[in-house]
Amino acid sequence: MLKTLAVAASALLFAATAHAGTLTAQGSLKADQPGPQISRYIYGQFSEHLGRGIYDGVWVGPDSKIPNVRGIRTDVVNALKDIHVPVIRWPGGCFADEYHWRDGIGPRDQRPVRKNNWWAGSPETNQFGTHEFMDFAEQVGADPYISINIGSSSPTEMREWIEYMTSADQDTLANERRKNGRDKPWKTPFLGFGNEAWGCGGNMTPEFYSNELRRFTGFYHRSDDNPTVRIASGANSTDYNWTDVVMKNAGGNIDALSLHYYTIQTGHWDKKGAATGFTQQAWTDTFANTLKMDEMITKHSEVMDKYDPKKRVGLFVDEWGTWYDVEPGTNPGHLYQNNTLRDAVLAAVNFNIFHHHADRVRLTAVAQTINVLQAMILTKDDKIALTPTYYAFKMYVPFQDATYLPLDITAPNFTMGDKTIPAFNASAARGKDGHIYVGLANMDPNDDVALSVDLGSVKAKSVSGQILTAARMDAYNDIGKPAVVAPVAFKGAKLAGGKLSITLPAKSVVVVELQ
Ligand code: AHR
């Protein structure tokens with residue numbers, strides 16, 4: 001019996017590793033048929049009052065020994081500046097629809113402590129409120145995206161918050177803001193009208209929410225010097241009926257509709273799978289699930305096209321990323337998970353998908369920036385780790401506000417257990433610097449891909465690039481230690497005879513630059 005088990009185990013191991021090799025693929029770049037701009041806001045962040053996302057992650061307070069500017073961690077701000085974060089969504093999430101803005105203004109020692117009902121009932125001290133968030137966004141150089149409480153608030157509360165933030169006049173709310181330390185009005189380029197209204201944001205039907213949306217947007221007063229994108233709470237993953245009803249009933253009252261889709265390795269919320277120490281099957285299942293993003297965007301866009309064929313209304317994927325079981329020993333309601341090479345490759349797969357839909361997808365926000373879900377940064381006291389996902393964001397910076405270029409690819413599939421998925425995906429763009437960038441994500445944990453791309457009209461003189469990979473699929477960067485998953489120069493690309501040849505290693509992210 002023991003022997004049989006041993007043989008079975010070694011056969012499994014063999015099946016998982018034996019077919020390492022090189023797949024082949026062809027592509028052609030259509031640089032003479034440029035597409036839409038890839039909005040820089042596709043590289044946005046979501047930061048909620050959840051676990052150690054804000055407190056510890058961003059806010060340590062002005063008296064902390066951890067270096068900070070007005071209470072906001074300097075190490076975190078500097079790291080986020082380096083990946084050119086364009087927008088930060090705050091204060092939630094589910095938290096947003098229980099948030100009352102007055103709790104978070106005025107002298108910090110007089111602010112109320114509330115229960116954070118969505119996230120483990122943890123005490124919400126309100127030390128981080130409107131002024132602190134706006135300061136954080138300004139320090140990072142990002143635009144603020146404020147998610148407004150629709151579920152348990154009123155149009156009056158909403159209108160007064162917006163007036164408090166944006167009025168340049170001598171009115172009572174603007175003067176209260178001045179008394180609290182901010183003379184110049186802020187801008188609110190993005191306002192979200194509720195979050196997950198179908199769930200934690202009020203348990204509404206799409207019909208009821210559409211009416212609420214019409215009511216709240218009716219009391220939002222646009223001004224020419226503060227143009228705002230009004231974002232409706234959108235569908236949960238494949239709920240196309242939600243998109244249909246909201247677009248039909250309130251499409252004229254909004255400028256964008258959101259979509260939330262989390263990648264769950266197992267597909268089951270009760271047992272989501274571990275962030276580290278996973279099998280090749282778990283790796284493959286994760287990618288099979290994340291690839292559904294493409295179909296969801298396509299189908300939601302088709303519904304939107306019925307009511308908005310000119311694509312005035314954007315589809316904003318303002319919550320996406322991996323969601324695993326929490327790290328053992330941490331609070332289950334704080335959603336703290338580790339972050340590995342798998343997450344970085346998955347981020348790049350999603351970037352490539354978003355680029356292909358750049359005509360409709362003009363903002364996304366990964367969940368979440370620090371210490372929560374698929375984070376860019378993990379912190380422990382005064383130490384931080386920049387995660388593999390962080391580095392995927394960094395490698396893709398040249399795609400921000402670049403011009404989409406069609407790249408037709410025939411990708412080979414690979415099969416693991418009951419899943420067959422493409423070995424890689426890719427996208428191309430002409431950057432603001434005029435250079436051409438190709439981003440590639442190899443989802444195959446074993447096989448390299450030898451890719452040959454016909455460059456068509458492009459006469460490139462040189463190619464360079466960066467690669468992110470590691471020996472282990474679950475390699476991660478330990479807090480306070482040198483990074484083991486970080487980009488290095490890529491030597492696997494060559495130019496010859498009007499073709500770009502790339503050898504794309506298994507389980508890697510590669511970005512190449514043509515000049
Ligand atoms: O990101 C964590 C939670 O996921 C958000 O608060 C909510 O909007 C979503 O369900």
Side-chain angles (χ1 to χ4, degrees), residues 41-55 57-58 76 80 83 85-97 99 116 118-120 133 136-137 140 142 144-147 190 192 194-196 198-201 231 233-237 258-265 269 272-273 275 286 289-290 292-293 296-297 315-327 330-340 342-344 346-351 353-354 361 363-379 387-390 392-393:
Y41 295 115
I42 281 179
Y43 290 88
Q45 297 285 327
F46 169 40
S47 300
E48 181 170 12
H49 286 238
L50 194 178
R52 297 191 304 111
I54 295 292
Y55 301 108
V58 176
V76 162
L80 295 177
I83 55 169
V85 171
V87 61
I88 305 172
R89 178 173 181 252
W90 172 88
C94 295
F95 179 80
D97 279 290
Y99 183 62
N116 188 335
W118 291 107
W119 305 117
F133 169 66
F136 172 49
V140 170
Y145 168 170
I146 308 260
S147 192
F190 299 101
N195 170 76
E196 299 194 350
W198 40 264
C200 64
I231 305 153
S233 168
N236 180 17
S237 49
S258 78
L259 167 65
H260 289 182
Y261 174 56
Y262 284 97
T263 301
I264 307 208
Q265 176 213 299
W269 284 97
K272 297 180 275 297
T286 310
N289 285 338
T290 218
K292 292 176 186 165
M293 178 71 89
M296 274 176 229
I297 293 174
L315 180 62
F316 287 5
V317 188
D318 59 15
E319 287 188 31
W320 67 274
T322 51
W323 194 323
Y324 305 114
D325 295 331
V326 296
E327 283 301 299
T330 65
N331 187 325
H334 287 181
L335 311 188
Y336 179 81
Q337 65 189 38
N338 208 337
N339 191 297
T340 70
R342 172 173 61 170
D343 299 279
L346 182 142
V349 166
N350 280 282
F351 298 154
I353 292 172
F354 298 148
V361 176
L363 182 150
T364 88
V366 66
Q368 299 193 7
T369 318
I370 304 149
N371 292 332
V372 176
L373 298 176
Q374 189 174 350
M376 309 303 106
I377 302 172
L378 301 176
T379 71
T387 64
T389 299
Y390 173 90
F393 271 78

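Not measured: the values here are computed from a predicted model.
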### Interatomic spacing from CZ in F316 to CG in L363 - rounded to 0.5 Å
5.0 Å
### Query
Can you name the residues that form a ring pair (Phe, Tyr, Trp, His ring centres under 6.0 Å) with F351, not counting sequence neighbours?
Y43, F393, Y396
### Task
Identify the heavy atoms of A392 and A344 that sit nearest to each other, and give their distance.
CB-O, 3.6 Å
### Query
Which residues pass the ring pair (Phe, Tyr, Trp, His ring centres under 6.0 Å) test with W118, sequence neighbours left out?
none
### Query
Which residues satisfy the ring pair (Phe, Tyr, Trp, His ring centres under 6.0 Å) test with F133, sequence neighbours excluded?
W90
#### Entry: By salt bridge (Lys or Arg N to Asp or Glu O under 4.0 Å) - contacts of E48 (at least two apart)
none
### Message
Is there a side-chain contact between I370 and S47 in this structure, where contact means two heavy atoms from C-beta onward sitting under 4.5 Å apart?
### Response
no
### Message
Quick check: closest heavy atoms across H49 and N116, and the distance to 0.1 Å?
### Response
O-ND2, 2.8 Å
### Residues that A275 engages under side chain to side chain contact (heavy atoms under 4.5 Å, CB included), provided they are two or more places apart
Y324, E327, Q337, N338
### Message
Using the rule side-chain contact (heavy atoms from CB on, under 4.5 Å), only one of T322, V326, L335 pairs with L373; which is it?
### Response
L335
### Message
Tell me whether T364 contacts the main-chain N or O of I42 through its side chain, where contact means a donor paired with an acceptor under 3.5 Å.
### Response
yes
### Task
Any chance you could measure M293, atom CE, to N350, atom CG, to the nearest 0.5 Å?
4.5 Å
### Query
Could you give the distance from OG1 (T290) to CH2 (W320), rounded to the nearest 0.5 Å?
7.5 Å
#### Entry: Set of side chain to side chain contact (heavy atoms under 4.5 Å, CB included) partners for V85, sequence neighbours left out
Q45, L80, I83, I88, V140, A142
### Summary
Rounding to 0.5 Å, atoms CD1 (I297) and CD1 (I353) come to a distance of 6.5 Å
### Task
Applying side chain to side chain donor-acceptor pair (under 3.5 Å), name anything that partners Y55, two or more places apart in sequence or on another chain.
E124
### Message
Tell me every residue that passes side chain to side chain donor-acceptor pair (under 3.5 Å) with Y262, counting only those two or more places apart in sequence or in another chain.
### Response
E319
### Message
With no hydrogens and no angle check, just 3.5 Å: does a side-chain donor-acceptor pair link N371 and T379?
### Response
yes
### Partners meeting side chain to side chain contact (heavy atoms under 4.5 Å, CB included) with N339 (sequence neighbours left out)
D343, Q374, T387, P388, T389
### Query
Within 45° of the axis and under 6.0 Å from the centre of the six-membered ring of F190, does NZ or CZ of R89 qualify?
no
#### Entry: Contacts of S258 that satisfy side chain to side chain contact (heavy atoms under 4.5 Å, CB included) - sequence neighbours left out
I231, H260, D318
### Query
Does the N236 side chain pair with the main chain of E196, one donor and one acceptor, at a distance under 3.5 Å?
no
### Query
What are the two closest heavy atoms between F46 and G92, and how far apart are they?
CE1-C, 3.4 Å
### Query
Taking the side chain as C-beta and beyond, is there a heavy-atom pair between S147 and Y99 under 4.5 Å?
no
### Message
Under the rule for ring pair (Phe, Tyr, Trp, His ring centres under 6.0 Å), what residues qualify as partners of F136, not counting sequence neighbours?
### Response
none
### Heavy-atom closest contact (N195 atom, C200 atom, distance)
ND2-SG, 3.7 Å
### Message
Evaluate V366 against M376 for side-chain contact (heavy atoms from CB on, under 4.5 Å), listing each step before the verdict.
### Response
CA-CA 9 Å; V366 66; M376 309 303 106; 3.4 Å; yes
### Task
Kindly give the heavy-atom pair with the smallest separation between A120 and G333, and that separation in Å.
CB-CA, 4.1 Å
#### Entry: Residues which pass side chain to side chain donor-acceptor pair (under 3.5 Å) with D325, listed by chain and number, not counting sequence neighbours
K271
### Query
Can you check whether N331 reaches Y336 side chain to side chain, under 4.5 Å on heavy atoms?
no
### Task
Would you check if the side chain of N289 reaches a backbone N or O of Q265 as a donor-acceptor pair within less than 3.5 Å?
yes
